[in-house]
Structures are given as structure tokens and as C-alpha cells.
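Each remark here refers to the structure printed beneath this line.
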Amino acid sequence: MKRRGYIALMLAALMGSAGLGVGGYFWSVGHVRRWTGRPELGYVGCNHCHFVSLEKMPWSHPRPRHAAPAGLAVTPDGTRLFVALDDRDELAEADTATRKITRRVAVAGGPFGLALDPTGERLYVVCRDADRVAVLDTRDLRELDSIEVGTAPVSIAFGRTPAGDRLVVANSMSDNVSVLSVAPLEELARREAGREPYAVALAADASVAYVANRLAIPADYLSRPDAELTLIDPAGGRILARHPLISAHLSEGVAVVPHRGWALTPLIQVRNLVPITQVVQGWVMSTGLAVSQGRDAVTQVPLDEANAFFADPAAIVVDPAGQRAYVVSAGSDAVSVVDLDKLGHWLAHADAATRQDAIHDLSLAAEYVVARIPTGRNPRHAALSPDGRALFVSERLEDRVLVVDTASLQPLGHIVLGDGGAADPIRRGERVFTKAAHTFQNQFSCRSCHPDGHVDGLSYDFDGDGIGDNLLDNRTLQGVGKTEPFKWIGKNPSLEVQCGPRFARVLMRTDPIPPADLKDLTAYLESLPPPRWERKQQLELTPAQERGRRLFFATVTPAGQPIPRDRQCHTCHRPPLFTNRLLSSVGTKAPTDATDQFDAPHLLGIAHSAPYLHDGRAKTLEELWTIYQTNDLHGVSSYWSKHMLNDLIEYLKTL
Amino acid sequence: MNESVAHSSARPRQPAGRIALGLAGLVGLGLLAGGCGRSVPSGSLVLAQVPVAPGASATAADVLDERYPAGSRVLLVSPPFGPDNLRVLSRGLVAAGDPVVAPDGRRVIFVGKMAPGQAWQIYEGRLGGQRPKALTAMPGGAMHPALIATDEIVFSSPVPKLGEIWTAIEPAALYARDHAGQARRLTFGRRAAVEPTVLQDGRILFVSARVDPEEGKAPSLALFTVNNDGSEVLAYALNRDGAPFVRRPRELPGGLIGFLASESEREHATLRAEAVRSARPFASRTNLFPGAVAPCRSLEPGADASLLACFESRGAAGSENRGSFAVYRIAPGETAPGELVFDDPAWHEVEATRLAARSRPMGHMSAMNPERDTGILLCLDANFTRVRVPAGQPARTAERVRVLAARPAGGSEALGEVVLQSDGSFMAEVPADTALGFESLDAEGQVIHRLAPSIWVRPGENRSCVGCHEPYNRSPRNARPLAVGLPPARIPGPSPVVTQTTPTR
């Protein structure tokens with residue numbers, strides 16, 4: 001009897017469990033269908049929508065900080081070198097003779113770019129994370145003053161104009177340039193530049209400031225992307241000219257050439273409109289130098305060779321005699337030495353047609369690039385001693401500064417700032433990310449398309465899924481951790497798969513990244529936070545942003561009409577990541593696309609990652625609904641007024 | 001974080017240690033079994049010796065018989081270099097030569113012949129001095145070995161008959177032999193592909209004949225590259241800008257590609273060391289040792305930035321009393337042969353190379369699809385060309401492109417035509433592994449430019465070009481070709497008589 005009871009109990013439990021399981025399954029299918037419109041569960045799990053918090057994201061955890069050198073400045077007497085250490089919120093001073101660090105001082109807010117006044121008494125420091133310029137006394141490294149500028153300033157230049165001393169600051173995230181007076185320290189003007197102003201240099205007479213912008217300005221779909229060299233009057237802040245840099249981007253440096261009236265801007269010449277059927281011969285991209293002669297003529301010349309590439313050109317410095325330029329290649333760990341006399345000779349003898357096409361001639365650089373100096377990992381900034389005899393190059397991922405004798409072009413030694421961080425997998429992963437040696441002939445690195453892990457704002461045509469088909473907008477890697485699946489069609493379940501052999505076959509055209517390096521690379525990618533996420537958490541919404549937030553979370557229209565759940569913004573772009581990590585059809589399939597199901601991207605930092613949609617056809621957030629909305633499939637927007645759209649976009653900018 | 005890293009890295013250490021120990025044991029056993037117990041002093045050289053006075057033997061039947069007459073051998077020579085420090089690696093072969101050292105500095109492969117009348121094949125030498133092991137058994141023989149990143153052997157086959165290297169109906173092609181011993185064909189041109197060497201960027205550099213519009217003239221040799229899966233064949237250097245015959249290209253320090261050049265293809269021709277700069281290979285051909293008058297038989301990278309070159313030791317221009325070839329250490333740009341490293345007057349020492357590790361060439365992830373029998377060809381602008389219009393003649397615009405395939409007995413067959421888009425672009429699906437040529441045609445069907453069948457696509461390969469006879473080392477402009485908005489034009493395969501290539505893959 002007792003045994004029968006047990007059996008009956010067990011049977012009942014089994015049936016109950018089975019009933020719960022079956023019932024739970026059908027409930028789950030119904031739940032998923034109600035919320036997403038998907039007819040079946042597929043790989044959907046609870047954690048697509050639930051149990052997600054920003055605090056659990058790998059990028060929200062503290063990470064090791066390194067003494068990675070950023071901007072450099074040499075005192076007028078050549079005895080001291082200042083080094084900005086943005087990752088550690090520090091500034092270091094080194095003795096150029098002994099190559100030893102003499103002092104370190106805390107500078108809050110990620111000190112990144114440096115400029116000295118002609119006396120060497122004042123050091124101006126742009127703090128990228130705090131949106132400010134700090135003024136330091138170079139005698140005691142005491143902070144004397146500070147002023148707020150645009151968002152994420154990265155470069156600063158000092159000039160002595162007839163109207164007084166001026167500072168020109170490139171604000172990379174707000175796409176503008178601040179012009180400051182020095183005494184008193186005031187912002188005189190803030191002018192729109194191109195996209196991501198990243199480097200500033202002033203003419204010797206301070207009559208013009210050249211501002212290099214890192215990204216191309218979003219262009220019409222399948223149109224050529226051009227970056228901009230912005231010319232500004234430092235005295236009053238007036239825009240003098242905007243020179244398009246044809247099909248260029250990733251300009252992270254600019255220098256003025258004494259005695260010649262040139263400005264030199266290193267750049268990447270992108271070829272994203274051409275299907276990536278090959279890599280050889282700079283088919284995807286190559287590096288070059290934009291030579292601005294006067295206010296109109298810009299000639300782009302190559303820095304690469306026919307069979308060797310020097311990826312990710314960053315800083316450039318020119319010697320006081322105007323005879324040599326030194327361009328650092330952050331991806332290829334080299335400094336290219338350009339003989340400006342030879343370059344000038346070539347420019348003087350080339351006809352207009354030859355100059356116009358020069359950037360595509362990979363055999364040309366041998367005319368004027370006279371040497372390549374090897375460096376440590378990831379050189380990003382450079383400075384010359386006032387006499388031009390010593391070149392200082394920041395080896396950012398080695399925590400040291402290389403010192404080169406410019407007469408012999410041989411290294412003199414290093415200024416050591418830190419231990420290199422070899423024990424930190426995130427640091428090791430950043431080395432992989434920035435290393436062009438993983439691609440055929442050093443042509444590019446991950447960073448070439450994802451500067452600082454973000455976007456280059458371009459769409460590409462990979463040939464693996466058909467030439468001319470399935471164009472793909474380049475998505476940001478900031479905040480990408482734990483947002484699998486990856487790729488616009490959600491094909492890749494992990495970052496290892498995304499960046500592994502598939503990438504070697506379709507893009508790098510070499511061996512795959514070795515497994516240990518791939519693991520480090522993943523650690524680095526997962527450590528990349530969305531832009532300014534901590535600060536955005538603390539911001540109070542403006543009334544417009546609040547109205548936009550209500551629109552984003554609306555379940556009914558103002559007229560009381562219910563909005564279907566699968567077309568409510570927050571269903572697919574579910575907080576806190578603002579994605580449910582599922583594929584959706586939002587009416588954006590192009591004739592050349594193989595599918596209408598696309599991965600819902602996270603929206604953290606969305607305002608900074610134009611263009612939009614899977615193929616990058618929308619230049620702005622507005623265009624998502626004003627041009628590319630189809631039958632209210634991408635959210636129900638047909639009832640929105642222009643003001644409501646503006647409010648929604650104001651809210652999206654806060655994410 | 002550091003603790004967890006240390007912990008996780010410490011955990012697998014034990015089994016890893018055991019595995020390492022086991023592997024070390026196996027390697028030790030292998031070394032003993034292979035007879036590699038004899039150590040090889042550092043600074044050793046591997047070279048070929050060719051008798052100065054070859055014995056009476058059958059006349060040379062093929063190009064290797066002439067280059068390596070009976071008695072030729074491959075040696076390991078150790079410092080101090082002299083007759084007492086030699087080890088024959090080609091023991092048991094009637095002739096051998098063309099040694100190549102693997103990037104790990106431990107393997108030596110070369111070409112050899114087991115018996116008179118037998119075909120030349122590729123052998124692996126044993127550093128202990130035992131008999132070499134045959135690696136290939138190619139019908140018609142194999143020659144010119146090289147090693148790609150995966151340590152697979154690349155070679156040329158068949159071995160051409162003497163005087164027929166550039167005229168043979170079945171030209172020598174490049175093959176790669178995988179670790180299972182299977183050979184797969186890499187080149188499909190109608191001219192021979194010979195003398196491969198592997199560049200640090202992973203591509204195979206080889207010598208072939210340039211097939212220019214003025215076909216029918218004596219072949220002008222040039223350097224080409226191809227990936228290690230046979231894709232992306234590309235002209236690398238040389239364009240009728242010097243002595244027409246070239247051989248033994250090698251990647252040298254300082255961004256140089258060295259090679260030997262002569263006015264005649266025969267083995268006894270006077271060979272001069274020349275080089276191009278990889279930075280601008282089509283505009284930098286130069287004499288590597290200006291003023292050096294002694295003929296040069298080989299050129300290899302030496303220690304540091306020096307070169308190992310095999311010059312004729314006493315011969316001078318105009319001298320009838322020619323001496324033997326010997327090994328010299330020399331720097332590029334020097335005018336005299338440099339420091340003598342090794343010379344045995346009874347032998348020509350040639351093809352000396354260091355037995356030392358060097359950086360491994362880059363690999364290549366193949367994008368081929370063996371299931372397919374076609375590839376896609378995309379031309380960005382068929383009207384973009386380096387060929388100048390003769391003065392006084394009007395420039396003509398191409399409107400169509402005719403696709404050609406080679407016929408075995410010479411000539412070519414038209415496979416079909418593709419209409420150009422208004423920007424000059426076209427995209428076509430073309431038969432794979434077939435030597436293809438192109439003719440750009442104007443509105444009246446007149447040929448504007450012609451490329452005789454000389455390039456190919458591998459199965460599933462997407463191949464592009466900037467133009468027709470476009471300037472060398474040219475990157476494309478960033479413009480969307482109109483042709484990619486349309487499906488590719490399908491070009492049928494050639495008739496069976498035209499199909500001349502049977503890939504082994």
C-alpha cells in the first residue's frame with residue numbers, strides 16, 4: 001500500500017512536471033510571440049530581455065590603468081619633455097638628457113593633448129574625459145586655471161596672434177573647435193568643424209589654425225565619403241575655409257611646414273565603395289599625406305609602398321628647417337621619414353591630373369619617403385626637440401617614449417613610464433586590436449575601421465556573401481560586450497567567432513589571429529564601454545528629452561490607439577542595453593539583401609555612431625523615420641509630429 | 001584580476017608539462033631514429049656542388065640535366081669551411097642541386113635524380129648524412145622546390161626538355177604538395193611557371209613569360225606572384241626593361257628582390273645579379289653589384305644585411321681561363337665579389353644558403369570554393385589603361401570586352417562577350433582554372449587592347465582589376481562600379497579541346 005502510494009505520488013509529480021513543462025513552453029512561446037512577434041522560441045532565452053543590468057557588463061568593471069603616453073611637449077630649451085598619461089590621470093616630466101622621469105603630477109580628467117607657450121612657462125593640457133583645458137605652471141606643475149570646452153577635447157595648439165595669445169582646441173565628440181584667449185582664459189568662439197576634430201596646428205604667424213578631422217562626414221548612401229581639413233582664424237575664431245579630403249578618414253595629426261606654407265595631414269584613403277574582392281594593392285585602404293598648399297590646393301600623396309603598408313598614420317611632426325616630416329604609423333609600429341625637398345620637387349613637376357590621382361600610385365612614395373624607423377607597439381604621438389635633433393615618439397601600448405637621433409635615424413633609447421602591462425589581458429588585447437601585422441602586408445588593423453573601438457562611419461561590401469550584395473554598416477564595438485549574436489544578420493554567436501578565421505578569410509587574407517591573442521582581443525573588446533555611459537547615468541533629462549523618453553516607451557498613441565507590442569521601440573531596444581539581442585524585420589530590406597531579419601543593435605552611444613541601419617543608408621537618426629520608415633514597421637511613427645521626432649532624437653542622444 | 005589570471009594560467013601547467021615532456025621524448029626518439037644525432041655547427045651552409053669537369057655521360061635531356069650534370073650534389077658545409085667539414089646530403093643520387101632550407105632552419109629540400117634516365121624529383125635531405133627521402137613522384141619530374149608557411153612544398157612540374165621551357169605545349173606549372181603527399185596545381189597560365197620562392201608576405205614569387213599584345217616575339221620573362229592556393233595571380237616586376245631571361249628570384253634584406261639575369265636562357269649564359277626594390281618593383285630594376293664582372297650563379301640572404309652569392313672565382317670578362325664558382329659574402333652595391341667563404345677548385349659551388357632559422361612567411365586563408373567550377377571577375381573600368389594612344393590617333397572607348405581562352409596548340413578561342421557599363425565596369429562569371437585573356441572592343445567591334453590568355457581564377461575566387469593594362473601598383477579610386485548592381489554575365493567554359501588544365505585538388 002505504501003509502495004503504491006509512492007508510485008502514485010511519483011506519477012503525479014511526473015505528470016505535474018510534464019504539465020508544467022509543456023504549459024511553460026506554450027506560455028513561453030506565447031510570451032515571446034506577444035512581445036516580439038516571433039512565432040517560435042528558437043534560441044530565445046529569458047536573458048534576452050530579463051536579468052540584464054549594466055553593472056554586470058564587463059565594461060562596467062574596473063580595469064587596470066596603465067602609464068600609456070599620449071600627447072608630448074618639449075620645452076623651448078629642449079631639456080624637458082612633458083608626457084600626458086590619460087589612462088592614469090597624470091602628467092609626467094622627463095629629463096631629455098638622462099631620459100629619466102623627474103616628476104609626476106595628478107591632472108584630473110584624462111590629460112591627452114599638450115601645448116606649451118613660447119616661454120615654456122605655461123603648459124596647456126586638454127583633458128578628454130573632463131571636457132576641459134587645464135593650465136599648469138611648468139616650474140612646479142601646479143594647476144593654475146581650468147576652463148570648460150567642447151566634448152572630449154584631444155588636441156590643443158598655442159598661437160601668438162595680433163589680437164593676443166590664443167589656444168585652439170579640437171573637441172572630438174562634439175565635432176567643434178574651441179578658440180580660447182589666454183589672458184584672460186576665456187572661450188571666444190566654438191565653431192563647427194568636420195566630424196571628430198582630432199588634431200590642431202597653427203601657422204608660424206598664427207594667421208590660420210589647421211584642424212584635422214578624424215572621420216569622414218556622413219554622405220549620401222553609396223556616395224564617396226570625404227573628411228575635412230578645417231581652417232580657422234585663431235584670432236577671432238572665424239572659419240576661413242573647409243578643405244575636403246577626398247575619400248579620406250582617420251586623420252589624427254596635422255603639421256605646418258616652416259618656410260613652405262604647407263599643412264600636412266596624414267590620412268587613410270578609404271575604398272569602401274569598391275567590393276572587397278581582394279586586399280593586395282591597397283584595395284581596401286591605404287595611407288597617405290594630404291599636402292595643403294595655400295588655401296585651395298590639396299594634393300594627396302601615398303605613404304605606402306607597392307608591397308609594404310604603414311597602417312593607421314597618427315601624429316606628424318616637421319623639423320624646424322621644413323625639410324623633413326616624421327609620420328608615425330600606429331598600426332605598423334614605424335615612423336616614416338618624408339624628405340620635403342623631394343616631395344616639393346615632385347609636386348612642382350607633376351601636372352594636375354597626376355596630382356589628382358597620386359594617392360592611388362603605390363610606387364610613388366619611394367620618391368620622397370627616405371626611411372622607415374621601427375618603433376615599439378602603437379606609436380600615437382610625436383614631438384621634436386626645438387633644434388630638430390631628437391624625435392620623441394610615444395609607444396602607447398609599451399608605456400614608454402622612444403627617443404630617436406634624427407641625424408642618424410637611429411634610436412637613442414627610451415623614457416620608461418610603466419611596465420607595459422603585459423600581465424593585463426585587456427592591454428594585450430588592445431595590442432592585437434591595433435596591430436596591422438595580422439593583415440596582408442600590414443595593410444590595416446582592427447583600429448583602422450574602429451578607431452578607439454568605435455565606428456569609422458562607413459559601409460563596406462564584403463565579397464563573401466556576393467559582390468554588390470549585403471552591404472554592411474560598420475557597427476561600434478563600444479559596449480559590444482555580452483550583446484551577442486554579432487554581425488547584422490546575427491550569424492556569429494561570439495566575438496571569437498566574429499574575429500576568428502572568418503575574418504582572416506574575408507578581410508585580413510592571412511593566417512587567423514592565434515587563439516591566445518583572440519582571447520585577449522575579446523577581453524579588450526568586452527572592456528570597451530559605451531561613450532560617456534557613467535556620466536549619462538547621472539544626467540537629468542531636459543523637458544524635450546523627457547518627452548522623447550515617453551515617446552520611446554509609449555504603448556498607445558496620444559489618440560489612445562494601442563501600439564502593437566512588437567513595434568514599440570522598447571520591445572526590440574529594451575533597456576538597459578536597449579537591445580533584446582534578437583533579429584527583427586523592420587522593413588529595411590534592400591533589393592540586394594539576402595534577408596529582412598536584422599540584429600537589433602544596442603543604442604548606447606547611438607548619437608555618435610552615424611550612419612544608421614544595417615547598410616548605413618540613413619545619414620542621421622532623423623532619416624530613419626523621415627526617409628527610411630516603411631509602413632510603421634520600424635516603430636509606429638506615422639502619428640509623430642516633427643517636434644515629437646525631435647524630442648525622440650534628443651532622448652536617444654542621452655543613451 | 002591578476003590573481004585569477006595567475007590561477008588560471010597555473011592550472012594547466014601540470015598536464016602541459018607532461019605533454020611537453022612526452023613530446024620532448026618523442027622528438028628525442030625521432031632524432032635518434034632519423035640519425036640527426038650529429039650536431040650541425042652554427043653558421044653552416046647548404047650548397048650544391050657541380051663538377052667543373054663533368055664525367056662522360058648521356059647528353060643533357062632536360063633543363064636540370066644541364067644545370068646539374070651527373071655528379072652534382074648537395075652538401076652541408078660547416079665552419080671552418082673546407083673539404084674536411086662537408087656532409088653530403090644527396091647521398092645515393094646521381095645528381096642533385098637547388099637546395100632550400102625551411103624557415104625552422106632544420107629541413108633541407110632539394111631536387112635530385114635517383115638514376116640516369118629517371119625523372120627529377122624533390123627530396124628531403126637528412127642532416128645526419130643518411131640517404132635522402134623522396135617527397136614527390138610527379139610524372140615528368142619536379143623541380144625548383146620552395147616552402148610555404150605551412151611547410152608544404154611548392155615546386156614546378158614537369159621538368160621541361162632542354163630548350164623548350166618557354167615553348168612546351170604542356171608548360172611547367174606550380175604545384176603545392178600537402179602533408180599527405182597530394183599535389184595540387186596552383187598555376188594555369190599558358191606559359192611555364194618556374195623558379196618559385198616564397199615571400200615573407202606569404203605569396204609565391206615565380207618566373208613566367210609575359211604575354212604581351214605583341215605575341216609571337218621571344219618570351220620576355222617577368223616576375224609574378226600568386227597566393228598559396230593559386231588565387232590572385234599578379235605581375236610583380238620586370239617589363240621588358242633589361243636582359244630578357246631571369247631566374248632564381250629571392251627576397252633579400254633591405255626591401256630588395258634579387259634575381260639572375262641573362263641574354264640567353266641556356267645554362268652557360270653569363271648571369272648577372274640584378275634586383276628590384278619591392279617599394280616600386282616596376283621602376284627600380286638595377287644591377288645589384290655594379291662593376292662586378294664575374295658571372296653570378298646564385299644569390300641568397302646572408303647573415304645580418306649581407307648576401308651570399310656564388311661568383312666565378314677567377315673568371316673575368318674576356319678571360320678564356322674561366323675558374324670555378326665559389327661562395328662569397330657580399331653587401332648590395334659592392335663592386336667586387338667580397339669575402340670568399342668557400343671554394344673547392346674541382347667543383348662549382350653554387351646556390352649556397354644558410355642553414356639557419358628565419359622568420360616564417362605569412363599564411364593565407366583560402367577563400368576558394370572547390371565545389372564550384374567558376375569564379376567572378378570584376379573590372380572597375382576597362383577604359384582605364386597605361387597604354388598611351390599614339391600621337392595623332394583618336395582615343396577609342398571600349399564598349400564590350402571579349403573573353404578568350406587559350407588553345408593548347410597556340411592561339412585562343414573566344415568564350416563570349418560582356419557589355420561594359422557606362423563607367424567602364426563589367427562583372428563576369430568565368431570558367432575557373434583556365435588561362436583567360438581579354439580584348440576590349442569599340443562600338444565597331446575593333447580591338448582596342450588585348451591581353452592574351454594568361455590569367456586565371458580559382459574555383460569560387462572573386463578577382464578584380466582596376467582596368468585593362470592599368471598602371472602597375474595601382475589602387476582603385478573609391479567609386480561604386482555600376483556593374484556590381486547587376487548579376488555577373490555568365491561566360492561559358494571553353495570547348496573541350498581548349499580545356500588544357502586538369503587541376504589536382
Side-chain angles (χ1 to χ4, degrees), chain A residues 61-64 222-225 246-247 269-283 285-286 302 304-308 357 359-367 369 423-425 437 440-442 461 463-464 466-469 501-506 508-512 592, chain B residues 1-2 5-6 9 149-150 199-203 225 227 231-232 234 236-237 251 255 257 276-284 360-368 376-378 380 427 461-466 470-488:
Chain A
H61 301 161
R63 61 170 180 81
L222 295 181
S223 297
R224 191 189 65 207
I246 305 296
S247 198
Q269 173 74 198
V270 288
R271 301 187 172 95
N272 65 309
L273 300 177
V274 181
I276 304 177
T277 51
Q278 62 184 54
V279 168
V280 69
Q281 307 272 42
W283 198 264
M285 65 183 79
S286 59
D304 292 328
E305 298 173 357
N307 292 287
D357 263 8
I359 187 68
H360 306 298
D361 179 2
L362 293 174
S363 65
L364 185 59
E367 296 266 1
V369 177
D424 174 13
F440 180 71
Q441 292 180 336
N442 285 330
D461 182 0
D463 73 338
I467 299 173
D469 300 333
R502 185 194 73 89
F503 229 58
R505 191 169 55 249
V506 302
M508 292 152 50
R509 312 281 170 139
T510 55
D511 292 319
T592 51
Chain B
M1 174 180 284
N2 288 341
V5 168
S9 63
T150 52
L199 301 175
Q200 277 300 306
D201 65 25
R203 292 182 298 174
T225 56
N227 290 330
S231 62
E232 234 166 56
L234 197 67
Y236 184 91
E251 189 168 26
I257 301 293
V276 294
R277 291 173 63 194
S278 63
R280 50 181 350 189
F282 283 99
S284 58
R360 188 172 289 276
M362 189 65 92
H364 172 75
M365 281 285 284
S366 178
M368 276 176 56
I376 303 285
L377 191 75
L378 168 66
L380 301 184
M427 186 160 66
E461 180 185 358
N462 293 327
R463 185 68 213 280
S464 299
C465 53
V466 176
E470 75 264 28
Y472 293 115
N473 302 128
R474 177 86 189 186
S475 300
R477 294 185 195 115
N478 192 21
R480 189 78 177 152
L482 294 175
V484 303
L486 302 166

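Note: hydrogens, waters and symmetry copies are ignored here, and every other heavy atom, side chains too, is used. Proteins come first, then strands; the chains are lettered A, B, ... in the order of their sequence lines, and each starts at number 1.
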Subject >> Proximity breakdown for A:V270 and chain B, heavy-atom pairs closer than 4.5 Å >> reply: both

Original post:
For B:A479, is it the side chain, the backbone, both or neither that has a heavy atom under 4.5 Å from a heavy atom of chain A?
Top reply: backbone

Original post:
Which bit of A:A437 comes within less than 4.5 Å of chain B, counting heavy atoms only: side chain, backbone, both or neither?
Top reply: backbone

**OP:** Counting only heavy atoms closer than 4.5 Å, note whether B:P476 contacts chain A via side chain, backbone, both or neither.
**Re:** both

Original post:
Which distance, rounded to the nearest 0.5 Å, do you find between the CG of A:N307 and the CG of B:N473?
Top reply: 6.5 Å

Original post:
Which heavy atom of B:N478 sits nearest a heavy atom of A:R224, and at what distance?
Top reply: O-CG, 4.0 Å

Original post:
Is chain A contacted by the side chain of B:L234, its backbone, both, or neither, given a heavy-atom distance below 4.5 Å?
Top reply: side chain

**OP:** Name the option with the most non-hydrogen atom pairs under 4.5 Å to chain A; the candidates are B:E232, B:R477, B:R463.
**Re:** B:R477

**OP:** Select one option (side chain, backbone, both, neither) describing which atoms of A:A504 are under 4.5 Å from chain B's heavy atoms.
**Re:** both

**OP:** Could you check which of A:L222, A:D361, A:D461 has the highest count of heavy-atom pairs closer than 4.5 Å to chain B?
**Re:** A:D461

Subject >> Top contributor to chain B contacts, counting heavy-atom pairs under 4.5 Å, from A:I246, A:D463, A:V506 >> reply: A:D463

Original post:
Considering only heavy atoms, which portion of B:T225 lies under 4.5 Å from any heavy atom of chain A: side chain, backbone, both, or neither?
Top reply: neither

Original post:
Checking B:R203 against chain A: side chain, backbone, both or neither under 4.5 Å from a heavy atom?
Top reply: side chain

**OP:** Look up atom CZ in B:F282 and atom OG in A:S363, then write down how far apart they are to the nearest 0.5 Å.
**Re:** 10.0 Å

Subject >> Heavy-atom contact with chain B under 4.5 Å, split by part of A:T592 >> reply: neither

Subject >> Minimum-distance pair of heavy atoms, taken over all atoms of A:Q441 and B:D201 >> reply: NE2-OD2, 2.9 Å

Original post:
With only heavy atoms counted, which part of A:N272 is less than 4.5 Å from chain B, the side chain, the backbone, both or neither?
Top reply: both

Subject >> Proximity breakdown for A:D357 and chain B, heavy-atom pairs closer than 4.5 Å >> reply: both

Original post:
Between A:Q278 and A:W283, is there a donor-acceptor pair closer than 3.5 Å when you use the side chain of the first and the backbone of the second?
Top reply: no

Subject >> Closest-packed option against chain B by number of heavy-atom pairs under 4.5 Å, given A:G466, A:P275, A:P501 >> reply: A:P275

Original post:
Just by distance, with hydrogens left out, do B:N462 and A:T277 show a side-chain donor and acceptor under 3.5 Å apart?
Top reply: no

Original post:
Do B:S284 side-chain atoms and B:V276 backbone N/O form a donor-acceptor pair below 3.5 Å?
Top reply: no

Subject >> Side chain A:S286, main chain A:G282, donor-acceptor under 3.5 Å >> reply: no

**OP:** Using distance alone, with no hydrogens and no angle criterion, decide if B:H364 and A:R505 have a side-chain donor and acceptor under 3.5 Å apart.
**Re:** no

Original post:
Counting only N and O atoms by type, is there a donor-acceptor contact under 3.5 Å from the side chain of B:E251 to the main-chain atoms of B:Q200?
Top reply: yes

Original post:
Side chain, backbone, both or neither: which part of B:L486 has a heavy atom under 4.5 Å from chain A?
Top reply: neither

**OP:** Go through the atoms of A:P302 and report whether side chain, backbone, both or neither lie under 4.5 Å from a heavy atom of chain B.
**Re:** neither

Subject >> Worked verdict on A:L362 versus A:E305 for side chain to side chain contact (heavy atoms under 4.5 Å, CB included) >> reply: CA-CA 5 Å; A:L362 293 174; A:E305 298 173 357; over 6 Å; no

Subject >> Best-contacting candidate, A:M508, A:H360, A:E367, A:Q269, against chain B by heavy atom pairs under 4.5 angstrom >> reply: A:H360

Original post:
What part of B:Y236 gets closer than 4.5 Å to chain A, counting heavy atoms only: side chain, backbone, both or neither?
Top reply: side chain

Original post:
Is there a donor-acceptor contact under 3.5 Å from the side chain of A:R509 to the main chain of A:F440?
Top reply: no

